[in-house]
There are 2 protein chains.
Amino acid sequence: MKVRKKLSKKNNMEMPILKAAEELFFEKGFSATSTIEIASKAGCNQALVHYYFRTKANLFNKILERKIDLLVSIFHYIDNKELSFTENLTKIIEMHFDAFIKDKKNSIFVMNEIKNNDNILDITREIFQNKVSFLLEKLDAILQEEIKAKRIREISALDLVSTIVSLNIFVFLSYPIVGNVLNINEKGAELIIQQRKKEIVNTILYSLKP
Amino acid sequence: MKVRKKLSKKNNMEMPILKAAEELFFEKGFSATSTIEIASKAGCNQALVHYYFRTKANLFNKILERKIDLLVSIFHYIDNKELSFTENLTKIIEMHFDAFIKDKKNSIFVMNEIKNNDNILDITREIFQNKVSFLLEKLDAILQEEIKAKRIREISALDLVSTIVSLNIFVFLSYPIVGNVLNINEKGAELIIQQRKKEIVNTILYSLKP
DNA sequence: GATTTGTTTAATAATTCTATTAATAACATA
DNA sequence: TATGTTATTAATAGAATTATTAAACAAATC
């Protein structure tokens with residue numbers, strides 16, 4: 001006989017579905033993931049996915065929104081007054097890098113479906129207008145100070161953020177390839193990733209020297 | 001009555017199908033693209049796609065192989081003896097950047113389906129073993145010379161290549177977002193891209209200073 | 001304990017997708 | 001021009017996918 005999980009307003013299948021969907025979307029992308037797979041991974045009936053999120057696209061958007069939000073929020077550590085600019089920057093680069101480690105595939109996920117889903121551009125536009133523009137202004141002010149004091153070369157906040165995101169995201173974009181090509185084990189991969197993290201910090205700090 | 005295109009061994013639908021598939025895969029990824037769409041874009045019957053390539057995955061692999069090959073080949077300009085290392089490096093960065101401009105979406109395409117398609121890892125492994133390892137050795141030798149002469153800081157070929165690819169690829173990964181968010185026209189986008197190209201060259205050259 | 005509300009499942013309609021097959025049209029060549 | 005080969009299409013089988021509905025079930029509330 002079937003064992004049915006306890007259910008209540010707070011202990012239902014909504015979160016398991018969200019989590020299963022997140023993992024599957026990360027691994028395979030939006031189109032390649034079916035709602036029946038999501039349900040099966042979450043441990044529920046396929047109809048339930050639609051009960052909670054109505055459509056697959058809806059579910060995807062919910063997940064995407066939270067992910068982008070998380071990545072953006074990291075950059076706000078830039079104005080910790082207790083540390084120097086270089087120290088803050090180093091921390092942000094490393095935190096951002098580590099966020100990608102945490103779920104190695106979300107970089108693919110985020111970039112993957114940009115062209116696919118009409119709603120994504122709306123979501124990102126909203127997030128950028130609400131949060132990124134504010135962040136860039138803050139960072140620009142800090143950079144201007146540093147530039148004036150001749151501690152770094154002339155550079156815009158957008159360029160600096162682009163560089164950080166570029167370097168970090170690519171590590172995990174290329175992760176499946178690199179791991180496969182170099183034919184290394186878990187430990188070896190971990191080592192390479194940590195070395196790359198150091199090199200990315202180096203690259204960025206060096207590139208800012210006046 | 002229907003006009004039927006001329007057909008011969010050299011003038012058949014194979015290339016149009018390949019081209020249509022390439023564009024659609026770039027735009028929407030593997031799973032989201034159907035063979036009927038490919039056929040419709042190429043201007044032929046859907047069965048013909050299968051006639052030439054048997055399966056959709058086959059078709060995808062053909063395209064992917066050629067793309068990766070193209071991107072890898074650019075790096076071989078590194079040992080042009082008529083120019084300095086810095087000049088060669090600048091050229092490579094710019095050529096690599098421009099290759100992404102040429103079809104703005106292939107970055108998404110290449111990264112997109114890595115986890116999806118079992119054959120991709122085999123393809124990439126082959127390319128890397130055949131071509132990339134050779135290239136990295138060549139570059140490493142050149143870098144060692146430069147390091148010894150104290151013209152650049154200590155850095156590995158893999159790190160340098162990773163940095164170049166990271167910075168360039170991300171411009172086009174984020175292209176749809178940035179274009180949308182900043183709400184700019186074609187000309188404005190072109191300007192931003194060219195500025196970013198300069199900044200990427202700057203970033204890399206600065207980051208190599210001893 | 002009866003009733004209402006919220007959660008889950010089974011069944012299935014409707015659509016779409018890949019791949020196959022059989023038939024036809026165009027071309028090459030003997 | 002007859003004949004074989006290559007290219008192309010129409011039709012469709014078979015599988016998978018999204019979404020909907022009706023009913024069963026559990027928990028909360030009265």
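It should be emphasised that the depicted structure is a prediction, and the values quoted were computed from it without experimental measurement. Convention: sequence-line order gives letters A, B, ...; per-chain numbering from 1.
- Atom-to-atom, CD1 of A:Ile17 to C1' of C:dT9 comes out at 12 Å; the value is rounded to the nearest Å.
- Between the CZ atom of B:Phe30 and the P atom of C:dC17 there is a distance of 13 Å, rounded to whole Å.
- Checked against side-chain hydrogen bond (donor to acceptor under 3.5 Å, both in side chains), A:Ser156 has the following partners two or more places apart in sequence or in another chain: A:Asp159.
- A donor and an acceptor atom, one from each side chain of A:Glu137 and A:Ser133, are nowhere located under 3.5 Å apart.
- Residues passing the side chain to side chain contact (heavy atoms under 4.5 Å, CB included) test with B:Lys56 are B:Phe25, B:Phe30, B:Thr35, sequence neighbours excluded.
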Write out a two-atom table: protein N or O, nucleotide N or O from nucleotides 14-16 of chain D, distance below 3.5 Å.
none

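- If you check C:dT8, D:dT9, C:dT18 against the side chain of B:Gln46, the one that comes closest is C:dT18.
- Atom NZ of B:Lys56 is separated from atom P of C:dT16 by 15 Å (rounded to the nearest Å).
- Among residues two or more places apart in sequence or in another chain, the side-chain hydrogen bond (donor to acceptor under 3.5 Å, both in side chains) test is passed with B:Lys19 by none.
- Legend: residues meeting side-chain hydrogen bond (donor to acceptor under 3.5 Å, both in side chains) with A:Lys91, ordered by chain and number and at least two apart, are absent.
- Rounded to whole Å, the distance from CD on B:Glu37 to P on C:dC17 is 7 Å.
- Judged as a side chain to side chain contact (heavy atoms under 4.5 Å, CB included), and not counting sequence neighbours, the contacts of B:Glu87 are B:Leu83, B:Ser84.
- Looking at the side chain of A:Tyr52, the nearest of the listed nucleotides C:dA19, D:dA19, C:dT7 is C:dT7.
- Using a 4.0 Å heavy-atom distance criterion, A:Tyr51 is classed as a base contact.
- Among residues two or more places apart in sequence or in another chain, the side-chain hydrogen bond (donor to acceptor under 3.5 Å, both in side chains) test is passed with A:Gln144 by none.
- Taking every side-chain heavy atom of B:His50 into account, C:dA19 is the closest of C:dA19, D:dT17, C:dC17.
- Residues forming a salt bridge (charged side-chain N to carboxylate O under 4.0 Å, His left out) with A:Arg66 (at least two apart in sequence, or on another chain): A:Glu22.
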Please list, for nucleotides 21-23 of chain D, all pairs of protein and nucleotide N/O atoms separated by less than 3.5 Å.
none

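- Rounded to an integer number of Å, the gap from CG of B:Asn45 to C1' of C:dT24 is 12 Å.
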